[in-house]
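Just below is one structure, and these are the notes that go with it.
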Amino acid sequence: MTTATTPVRSFIHHHFRHFNARTLVDATDAYRKHLDAGGKMLVTLAGAMSTAELGLSLAEMIRQGKVHAICSTGANLEEDVFNLVAHDFYRRIPNYRDLTPADEVALLASHMNRVTDTCIPEAEAMRRIEGAILRQWMAADQAGERCFPSEFFFRVLRDPEVRRSFQIDVRDSWLHAAMEAGIPVFVPGWEDSTLGNMYAGHCVAGDVKSIHTVRTGIETMIWLADWYMRTAAETSIGFFQIGGGIAGDFPICVVPMLRQDLQRDETPLWGYFCQISDSTTSYGSYSGAVPNEKITWEKLSVDTPRFIIESDATIAAPLMFADILGW
């Protein structure tokens with residue numbers, strides 16, 4: 001295990017001694033141990049982590065081979081690219097808690113879509129990428145070609161016209177880093193996103209003739225199962241979950257699907273588990289469920305190192321990544 005002292009590691013090991021803070025330290029050390037033993041890591045992205053610019057640290061994690069697959073919501077997939085092409089047009093509203101309904105209507109009239117304290121500009125971000133990706137959808141549709149959502153976004157990122165619009169260092173885009181590294185980006189429930197809604201609209205309008213031009217969620221699970229079986233045949237796979245929802249629940253279920261539904265009993269369980277979440281444990285909550293519950297679903301074993309950090313992921317995840325990266 002790497003034990004060199006770095007500024008971030010020194011800080012968190014000195015100050016983060018108890019409670020959630022100590023769990024962050026333990027989970028980080030276990031993540032590093034998992035990698036040092038040759039393990040791989042799948043990272044899931046829920047919430048608005050791309051608008052929070054997690055790419056500032058996640059992209060480097062991908063480049064350094066510390067993340068080997070991503071499972072993202074459709075929103076995080078597109079919002080990384082929105083930030084890439086329209087960063088200078090975003091508007092921050094520090095006093096967002098004081099906004100009145102009339103203030104919100106004014107933002108709507110300005111075509112500024114608010115995510116907590118950050119407004120995404122519709123014209124410069126959403127409509128610009130809509131035009132670029134529509135060209136890709138229509139070309140694939142006419143050629144009878146079908147691709148996953150992330151594959152269409154990779155094509156957009158390679159588009160010279162789009163590249164001329166980049167407003168931040170491309171090294172701060174986690175999706176661009178994933179494309180360059182050639183790691184899979186699984187996007188379950190992609191239709192629950194701005195571009196997913198736009199795609200439905202273009203299907204209704206007849207611009208895209210086949211709704212299956214973008215490959216489906218069931219095909220995404222099949223792709224994930226193939227990746228898991230091939231990767232797990234060589235090494236242990238860990239599961240690092242940011243937030244909850246479909247980005248986390250979808251990929252973790254690949255193990256019981258393989259073991260129970262396909263009766264492939266030799267399929268290894270996840271070899272590491274950590275979730276950062278501000279959801280509380282309650283009746284029927286998935287996002288707030290403690291990791292031990294996953295043992296009953298045959299996702300984790302009693303020996304799987306497992307952690308839940310009840311904190312804001314926009315604070316906890318960059319700290320963990322910085323420690324692992326040796327910053």
### Task
Step by step, work out the side-chain contact (heavy atoms from CB on, under 4.5 Å) result for F148 and E151.
CA-CA 5 Å; F148 288 106; E151 294 174 326; 3.6 Å; yes

### Chi angles and distances behind the side-chain hydrogen bond (donor to acceptor under 3.5 Å, both in side chains) call for N20, T23
CA-CA 5 Å; N20 264 313; T23 303; 4.8 Å; no

### Query
Between D323 and T28, is a side-chain hydrogen bond (donor to acceptor under 3.5 Å, both in side chains) present by the stated rule, with each step listed?
CA-CA 7 Å; D323 184 349; T28 304; 4.8 Å; no

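Summarising the geometry of T73 relative to A46, their closest heavy-atom pair is CG2-CA, 4.0 Å, with the distance given to 0.1 Å. Residues Q167 and A86 approach most closely at OE1-C, 3.1 Å, considering heavy atoms. Residues F250 and C71 approach most closely at CD2-SG, 4.4 Å, considering heavy atoms. When all heavy atoms are compared, the tightest approach of P256 to E298 is CD-O, 3.8 Å. When all heavy atoms of I168 and D172 are compared, the closest pair comes out as CD1-CB, 4.2 Å. Pairing each heavy atom of T314 with each of A52, the nearest pair is CG2-CB, 3.7 Å.
In summary, the side chains of H111 and E122 do present a donor paired with an acceptor at a separation below 3.5 Å, with no hydrogens or angles considered.
Under 4.0 Å is where a charged nitrogen must lie from a carboxylate oxygen, and between D141 and K209 no such pair does. Between R135 and E161 a salt bridge is recorded (basic side-chain N to carboxylate O distance below 4.0 Å). In this structure, D249 pairs ionically with K299, as a charged nitrogen and a carboxylate oxygen lie closer than 4.0 Å. Salt-bridge formation is detected for the pair E219/R146: a Lys NZ or Arg NE/NH1/NH2 atom is positioned less than 4.0 Å from an Asp or Glu carboxylate oxygen. The pair D159-R163 does not meet the salt-bridge criterion, since no charged nitrogen lies less than 4.0 angstrom from a carboxylate oxygen. With salt bridges taken as basic N to acidic carboxylate O contacts below 4.0 Å, none links D36 and R32.
Cation-pi check for K294 over W297 is not met; the charged atom does not lie both under 6.0 angstrom from the ring centroid and within 45 degrees of its normal.
Here the side chains of Y228 and L258 are in contact, with some heavy-atom distance below 4.5 Å. Between F154 and H176, the closest side-chain pair of non-hydrogen atoms is not below 4.5 Å. Between L325 and Q64 there is a side-chain heavy-atom pair separated by less than 4.5 Å. Within the 4.5 Å cutoff, the side chain of L175 has heavy atoms near those of the V81 side chain.
Here the options are T118, I120, L107, the test is side chain to side chain contact (heavy atoms under 4.5 Å, CB included), and the partner is M112; only L107 passes.
Through direct or indirect side-chain contacts shorter than 4.5 Å among Ile, Leu, Val, Met, Phe, Trp and Tyr, L108 is connected to no other residue.
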Can you list, pair by pair, the side-chain donor-acceptor contacts under 3.5 Å of residues 231-239, counting residues two or more places apart and other chains?
{"from": "T231", "atom 1": "OG1", "to": "W227", "atom 2": "O", "distance (Å)": "2.8"}
{"from": "T231", "atom 1": "OG1", "to": "W227", "atom 2": "NE1", "distance (Å)": "3.3"}
{"from": "T235", "atom 1": "OG1", "to": "G38", "atom 2": "O", "distance (Å)": "2.7"}

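A side-chain hydrogen bond (donor to acceptor under 3.5 Å, both in side chains) check over residues 180-196, counting only residues at least two apart or in different chains, returns the pairs E78-T194.
Counted within 6.0 Å of CZ on R22, heavy atoms from surrounding residues, nucleotides or ligands total more than 12; the atom is thus considered enclosed. Residue H15 places its NE2 atom among more than 12 non-hydrogen atoms of other residues, nucleotides or ligands, all under 6.0 Å distant. Residue-environment remark: CD (Q263) stays at or below the threshold of 12 foreign heavy atoms within 6.0 Å.
In this structure E60 satisfies the salt bridge (charged side-chain N to carboxylate O under 4.0 Å, His left out) test together with R63, R171, sequence neighbours excluded. Considering only residues two or more places apart in sequence or on other chains, R97 meets the salt bridge (charged side-chain N to carboxylate O under 4.0 Å, His left out) condition with none of them. Under the rule for a side-chain contact (heavy atoms from CB on, under 4.5 Å), A139 has no partner lying at least two apart in sequence or in another chain.
Between F273 and F307, the distance from one ring center to the other does not fall under 6.0 angstrom.
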